[in-house]
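Let me begin by presenting the structure, written as structure tokens, before commenting on it.
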Number of protein chains: 2
Amino acid sequence: MDNYRNNQNMSLGIVGFGAFGQLAAHHLGQHFETTAYDPSPGLATVAKQLGVPLTSLHAVSQTDVILIAAPVSSFEQVVGEIAVACKPGALIVDVASVKVVPSEIMRRLLPPHVDIIATHPLFGPQSAAKGIEGLKIAVCPIQGKQHARLAAFLRKALGLTVIMTTPEDHDQEAAVVQGLTHLIAKVLLKMGPLPTRMTTKSFDLLSNAISMVQHDAPEVFEAIEKANPYAETVRRRFFDLAACLSVELDSASRTPPHNETGH
Amino acid sequence: MDNYRNNQNMSLGIVGFGAFGQLAAHHLGQHFETTAYDPSPGLATVAKQLGVPLTSLHAVSQTDVILIAAPVSSFEQVVGEIAVACKPGALIVDVASVKVVPSEIMRRLLPPHVDIIATHPLFGPQSAAKGIEGLKIAVCPIQGKQHARLAAFLRKALGLTVIMTTPEDHDQEAAVVQGLTHLIAKVLLKMGPLPTRMTTKSFDLLSNAISMVQHDAPEVFEAIEKANPYAETVRRRFFDLAACLSVELDSASRTPPHNETGH
């Protein structure tokens with residue numbers, strides 16, 4: 001496995017053909033002989049458009065590079081099935097939004113004769129609409145030595161900005177980055193349609209930020225808020241500070257009453 | 001007063017030479033013979049750079065167009081002093097971030113022989129750093145007939161997008177637009193330095209939104225949260241929804257314990 005670039009002889013198996021699996025197929029199809037697995041119905045048309053044959057989880061698990069783009073909820077089961085079918089020397093990569101839990105599952109279930117790299121592409125179909133060049137991806141080496149080669153491929157073939165990190169460091173930072181973005185988006189979306197007429201530039205930026213995440217699958221929010229071990233602390237901090245500010249503003253607006261009885 | 005454009009014979013008096021008064025001088029200086037008043041010390045250098053003589057409030061109040069860029073806290077006092085000095089036919093324009101309260105003060109204190117237009121430029125020194133063309137300004141006619149002429153000047157001479165509205169409609173929409181932007185910014189800034197490395201595009205937008213308002217004068221936040229009659233309702237709604245989401249997430253993360261004693 002000398003190079004992942006334009007090597008049509010290397011096989012790539014995508015596990016989970018949702019929005020992100022399809023985005024991956026779109027960008028990786030030219031570099032690998034790609035197949036995909038997804039138990040959901042109704043994916044035949046998009047798979048055909050992308051030129052990616054849908055096949056069984058067992059078949060996909062026997063490729064050279066296995067890309068796990070399954071939701072966190074079914075992650076453990078999927079890894080368990082890959083573990084019994086994958087071949088020695090295979091590279092197994094996940095793309096979940098959190099890294100501590102998936103890394104632990106992969107390390108625990110996968111055999112020692114495969115390489116494991118946990119990644120988090122810091123983008124999705126929305127932010128990658130105009131291409132992925134310059135976008136960021138976090139890469140955590142877990143097992144084996146292929147991480148330098150993968151990082152070079154991500155940089156050179158895909159033009160991504162690679163951030164080498166650990167699952168713990170990733171989740172700590174993601175708890176703020178993604179945790180807060182999704183939290184604020186959830187609250188603002190509950191407030192109803194946001195104004196579009198008398199808007200300031202800063203509000204426009206805020207609205208854009210929200211519109212970029214509002215169509216994310218519910219599993220993404222679940223993963224970010226619940227499967228990240230640091231998310232609850234960040235969330236509590238945000239809500240506590242918001243509550244303090246609320247009290248502060250309310251007490252300040254209650255001006256002392258005039259002393260009407262005077263003397 | 002046929003035209004405000006390139007009419008060096010018309011005089012403009014800026015009351016309040018802070019960040020916004022200076023921005024106004026920069027963009028209006030070529031169209032009017034401009035002077036300014038501000039009681040704060042240390043403004044001589046910037047006034048000289050902008051070619052705007054600093055003078056008394058009385059002198060500034062005798063110009064053809066009086067632009068009030070004073071903080072909301074001293075607004076009433078300033079208008080009272082302008083009221084006794086301004087000349088018949090003068091146009092008096094304010095630029096406060098809220099419109100109901102300043103409009104009411106101007107309507108109550110200024111004489112019937114002047115025109116009054118309440119405006120809110122939906123930008124500041126930060127968002128106008130690369131020029132003001134295409135930026136938005138809300139314009140509320142209060143007294144007299146000069147509003148159409150002013151709107152034409154703002155559109156044609158300054159390239160602004162003019163939104164004709166009423167003080168009530170403005171404040172309702174601004175309570176959401178500015179109220180929420182500043183509220184979220186306040187809470188996030190209290191959380192400490194935000195991550196810059198493993199960021200998503202949506203988080204970058206959020207960070208940019210915050211950085212645009214974080215250097216606003218404290219008076220701006222005061223005005224937005226306290227002088228806008230609709231701000232408290234919007235704020236309460238945001239804090240209530242945040243509290244609901246907090247409870248929702250906490251209860252969902254508390255999974256039911258295993259029944260260890262059996263049946």
Side-chain angles (χ1 to χ4, degrees), chain A residues 120 122-124 126-127 135-136 138 163 165 169-170 172-174 176-178 180-188 190-191 194-195 197-213 222 225-226 231-232 234-239 241-246 249-250 252-253, chain B residues 120 122-124 126-127 135-136 138 163 165 169-170 172-174 176-178 180-188 190-191 194-195 197-213 222 225-226 231-232 234-239 241-246 249-250 252-253:
Chain A
H120 178 204
L122 293 157
F123 54 87
Q126 278 263 37
S127 41
L135 297 181
K136 297 175 178 179
I163 301 165
T165 184
D169 283 354
H170 169 276
Q172 272 186 24
E173 199 157 335
V176 178
V177 169
Q178 300 196 284
L180 290 183
T181 308
H182 281 79
L183 214 57
I184 290 168
K186 279 267 164 192
V187 177
L188 291 191
K190 278 175 196 237
M191 295 199 76
L194 296 173
R197 199 168 69 119
M198 269 180 270
T199 58
T200 55
K201 264 206 166 174
S202 47
F203 186 78
D204 288 339
L205 291 171
L206 198 62
S207 291
N208 288 348
I210 291 159
S211 68
M212 288 188 78
V213 301
E222 294 279 305
E225 294 298 339
K226 294 180 198 163
E232 192 176 336
V234 170
R235 197 165 74 220
R236 276 188 198 284
R237 189 111 192 284
F238 178 81
F239 288 135
L241 288 169
C244 282
L245 184 60
S246 169
L249 285 166
D250 286 354
S253 67
Chain B
H120 177 204
L122 293 157
F123 54 87
Q126 277 264 35
S127 42
L135 297 181
K136 297 175 179 180
I163 301 165
T165 184
D169 282 354
H170 170 276
Q172 272 186 26
E173 200 157 334
V176 177
V177 168
Q178 299 196 285
L180 290 183
T181 307
H182 281 78
L183 213 57
I184 290 168
K186 278 268 165 195
V187 176
L188 291 191
K190 279 173 195 238
M191 294 198 78
L194 295 174
R197 198 168 70 119
M198 268 182 269
T199 58
T200 55
K201 266 207 163 169
S202 46
F203 187 78
D204 288 339
L205 291 170
L206 198 63
S207 292
N208 288 349
I210 291 160
S211 68
M212 289 188 79
V213 301
E222 292 280 307
E225 294 298 339
K226 292 180 198 161
E232 192 176 337
V234 170
R235 198 164 73 219
R236 275 190 199 284
R237 188 108 193 286
F238 177 82
F239 287 135
L241 288 170
C244 282
L245 185 60
S246 170
L249 285 166
D250 287 353
S253 67

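Hydrogens, waters and symmetry mates play no part in the numbers below; they use all other heavy atoms, side chains included. Residue numbering restarts at 1 for every chain, and letters A, B, ... go by the order of the sequence lines.
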- Task: Just jot down the side-chain hydrogen bond (donor to acceptor under 3.5 Å, both in side chains) partners of B:Asp169, sequence neighbours excluded, or say none.
- Result: none
- Message: At a 4.5 Å cut-off on heavy atoms, which part of A:Ile210 comes close to chain B: side chain, backbone, both, or neither?
- Response: neither
- How many angstroms lie between OG in A:Ser246 and CG in B:Leu183, if you round to the nearest 0.5 Å? 8.5 Å
- Message: Quick check for you: to the nearest 0.5 Å, what is the distance between B:Asn208 atom CG and A:Leu206 atom CG?
- Response: 11.5 Å
- Message: Between B:His120, B:Arg237, B:Gln178, who has the most heavy-atom pairs with chain A when the cutoff is under 4.5 Å?
- Response: B:Arg237
- Message: Between A:Phe238 and chain B, with a heavy-atom cut-off of 4.5 Å, which part of the residue counts as in contact: side chain, backbone, both or neither?
- Response: both
- Message: Restricting to side-chain hydrogen bond (donor to acceptor under 3.5 Å, both in side chains), what partner residues turn up for A:Thr199, sequence neighbours left out?
- Response: A:Asp204, B:Lys136
- In Å, rounded to the nearest 0.5 Å, how long is the span from OG1 of A:Thr200 to NE2 of B:His182? 8.0 Å
- Item | Heavy-atom pairs under 4.5 Å with chain B, option from A:Lys201, A:Glu173, A:Glu225 with the top count | A:Glu173
- Hey, which of A:Met212, A:Lys190, A:His170, A:Met191 has the most heavy atom pairs under 4.5 Å with chain B? A:Met191
- Pick one of side chain, backbone, both or neither for B:Val213, based on which atoms fall under 4.5 Å of a heavy atom in chain A. side chain
- Item | A:Gln126, part contacting chain B, at a heavy-atom distance under 4.5 Å | neither
- Message: Can you tell me which portion of B:Ala174 sits under 4.5 Å from chain A's heavy atoms? Options are side chain, backbone, both or neither.
- Response: neither
- Task: For each of B:Leu122, B:Val177, B:Leu241, tally heavy-atom pairs with chain A at distances under 4.5 Å, and name the one with the top tally.
- Result: B:Val177
- Task: Kindly compute the distance separating CD1 (A:Ile163) from CZ (B:Arg197), expressed to the nearest 0.5 Å.
- Result: 6.0 Å
- Once you round to the nearest 0.5 Å, how far does CZ of A:Phe203 lie from CE of A:Met198? 12.0 Å
